[in-house]
Structures are given as C-alpha cells and as structure tokens.
Protein chains: 2
Amino acid sequence: MLSKKTKYGLKALTYLAIQKDKEPVQIAEISRHENISQKFLESILLTLRKTGYLGSKKGKGGGYYLIKEPSEIAMTSVIRVLEGPIAMIPCVSLNFYEKCNDCPDEKSCAVHKLMLQVRDSALEVYRKTTLADLIA
Amino acid sequence: MLSKKTKYGLKALTYLAIQKDKEPVQIAEISRHENISQKFLESILLTLRKTGYLGSKKGKGGGYYLIKEPSEIAMTSVIRVLEGPIAMIPCVSLNFYEKCNDCPDEKSCAVHKLMLQVRDSALEVYRKTTLADLIA
DNA sequence: ATTTATCCTATAGAACTAATAGAGTTATCA
DNA sequence: TGATAACTCTATTAGTTCTATAGGATAAAT
C-alpha cells in the first residue's frame, strides 16, 4: 500500500508545480485544495524541504515553493524519500539492501527471483516519470 | 513491503512444487526446510487450501500437496490471495477498487495516473509468471 | 509589538503484522 | 478399538507502523 504520506506529498508537489509564478504557497492553501490534514501536511512538506525539493519562507506572505523544475524531479527519488524502498523485499533493494536471514541462497530463491522482476518493472515507470509528466 | 505471509506462502508453494511425487508433505518438514515458524506456516497453508491451491490429508502420513500443476498457478492470483491487492492504492485496483474520498476527480489526479502505470507494470510480471517459472 | 507562518518535538490512537497457545477434529495403523 | 500423528480453527498477544494531533519555538513582515 502507498502511504498517505506519499500520496499527500505527491499531491502537494503537483499543486506547487502548477503554480504560475514561483511565489510561496501557504500550507493552509494546499491543505484546503487537496483535502489534507494541515498538521500532517506540515510534516510532509518539512521532509520535502529538508531533502531539497522545496524552499520555504517564514512569516507573512511565506510558504513553500518548488526549487527544481518539475521536469527534473523524477519519481524514483520522490518515492524513495517519502515511501522508502521501491523494492518489496530488502534482498532485491538497490538502495536499502538487506539479506534475508531465513534464506540460504538468494540465487535459488523463488521470492527473490519474482520480486527482482517486480522491482525492475516499477523502477522503469518511476525512472521515466517526472513531476512534469504528472501535471501534463 | 511484501508481508512474511506472502513470502512464506510462496516458499511453501515452491517447496511442494519441486516434490517428485504427489505424496503429502508435512507442515513440520516444510517449516524446517524453509526456516518458517511452524504455527505461522500452518495458518498460511490453511489459507492456501481454502482457496483451492492445496489439498490436505489428515492423520498419519498426512500433509499438504499441490492440487494444480505449477504451470497453471499464476502469480496474479497467488499474490491477491496472500498479499491482497496488487495496486498500491485502491483507486487503481481492478479487484479491490475503492474511491479516494479526498480526491474530486480521478482523471486529473497525479497519484492516480502514476499508480495506474505501476499497477500495470506489476500486473504484467505477475501474469506472465507461474509457479513453474519460479522453480526452473 | 503584533501578526502570520514555518519549524520542531513529542505523543497518542488505530490498524496491521507476526507469532504463539491451546483445544478440537480426523485419519491411519496396529 | 485405542493410540498416535497430523491437520483445523479460534483467540490472543506483542510489536510495529501509520496517521494525525498538540503545543510551543522561531523567524519574517508590517
């Protein structure tokens, strides 16, 4: 399952991406438009700022704005930041690899073999899709 | 994340699939060979029996055995039984569809658009892969 | 100074997962 | 027919993760 965090984060990113100018947008506005709990959204936007997708401005007229061009934001990295590993099991993860402790040999493991293919197919989608594609 | 239930279920299925004859295999044997908690495996095998993948025989010399040919067991159905929906979000699920209550229009939703592609790519892998492919 | 808005930490409740416990039922075989 | 092996089923628990909320701290604008 996709977490609400990822879902809301993606919606917030697209909302910021469709803004005409680069003026900061307030959390409250995004939360209203996208039906997201404001406090929850707050923590998600904070994560996105810390990982370099968003800039922020405090005080009156403040808010959040995109730092990068939408066409430069690939889903691979957004998903990894918000959701975590793309692989469904650590033993086939590129960025979060971990050995299964119950499995003597990965090469002959059926689960490994299957999940490797699933990972690759998901990765292909995420790699070729940018934020710009999603708002088109 | 793939649940342990699915992981163990797949391992048990492959273990049964590589048996020479169709003699029942005991839970204890599978649990020993695949390093799975016997009690937990018990409940998983029960699920697989109720959904028509396995047959069972009680009493001395009893155990579980495959009912279908490995080449006739597609991953789509196994995953749906053990893991649940293949889609990462209900609004793009074929078998477990549910509308998002925060989303006014699916067609214009970025998350929907992205997850539809991810679902399709995963589905393609699961559809073309059978139990027979995994033990090859 | 006051208002507006982000920043940050802590925490609580709900839901789900993984595993265990234990009693019940059925089949086989001597 | 009695003992035993093995599956059947329900309940429960411990642990984890997810979602959301609370509340104060900090910074900018006017």
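Reminder, nothing fancy here: chain letters follow the sequence lines and each chain counts from 1.
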Item to check | Worked check of side chain to side chain contact (heavy atoms under 4.5 Å, CB included) between Y8(A) and L82(A) | outcome: CA-CA 10 Å; Y8(A) 295 163; L82(A) 293 172; over 6 Å; no
Could you state the [atom1]-[atom2] distance from [X] to [N], rounded to the nearest angstrom?
X	N	atom1	atom2	answer
L41(A)	dT19(D)	CG	P	14 Å
L46(B)	dT25(C)	CG	P	15 Å
E42(B)	dG22(C)	CD	C1'	11 Å
R49(A)	dT26(D)	CZ	P	15 Å
I44(B)	dA19(C)	CD1	C1'	10 Å
I27(A)	dT4(C)	CD1	P	16 Å
K39(A)	dA25(D)	NZ	P	13 Å
Y8(A)	dA20(D)	OH	C1'	9 Å

Would you indicate what [X] reaches in the nucleic acid, counting non-hydrogen atoms under 4.0 angstrom: base, sugar-phosphate, or nothing?
X	value
K7(B)	nothing
K4(B)	sugar-phosphate
L45(B)	nothing

On the nucleotide [N], are OP1 or OP2 found under 4.0 Å from the side-chain N or O atoms that [X] carries?
X	N	answer
S37(A)	dT21(D)	yes
K60(A)	dT2(C)	no
K57(A)	dA29(D)	yes
Y64(A)	dA5(C)	no

Item to check | Residue mapping more 5' on DNA chain C - nearest nucleotide basis, E83(B) or S43(B) | outcome: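 Closest to the 5' end, via its nearest nucleotide, is E83(B).
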Checklist entry - Do E83(A) and S3(A) meet the criterion of a side-chain donor-acceptor pair at a distance under 3.5 Å? => result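 E83(A) vs S3(A): donor-acceptor pair found between side chains.
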Checklist entry - Are E29(B) and Y15(B) close enough that a side-chain donor and a side-chain acceptor fall under 3.5 Å? => result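 Per modelled atom types, E29(B) and Y15(B) side chains form a pair under 3.5 Å.
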Checklist entry - DNA chain D: G61(A) or G63(B), which has the more 5' nearest nucleotide? => result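 Upstream on the strand: G63(B).
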Next on the checklist: Take a 6.0 Å sphere around CD of E124(B) and say whether it holds more than 12 heavy atoms from other residues, nucleotides or ligands.
Outcome noted: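 For E124(B), atom CD is not crowded (no more than 12 foreign heavy atoms under 6.0 Å).
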Checklist entry - If you measure from the Lys or Arg side-chain nitrogens to the Asp or Glu carboxylate oxygens, is any gap between K11(A) and D102(B) under 4.0 Å? => result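 The answer is yes: the pair qualifies as a salt bridge.
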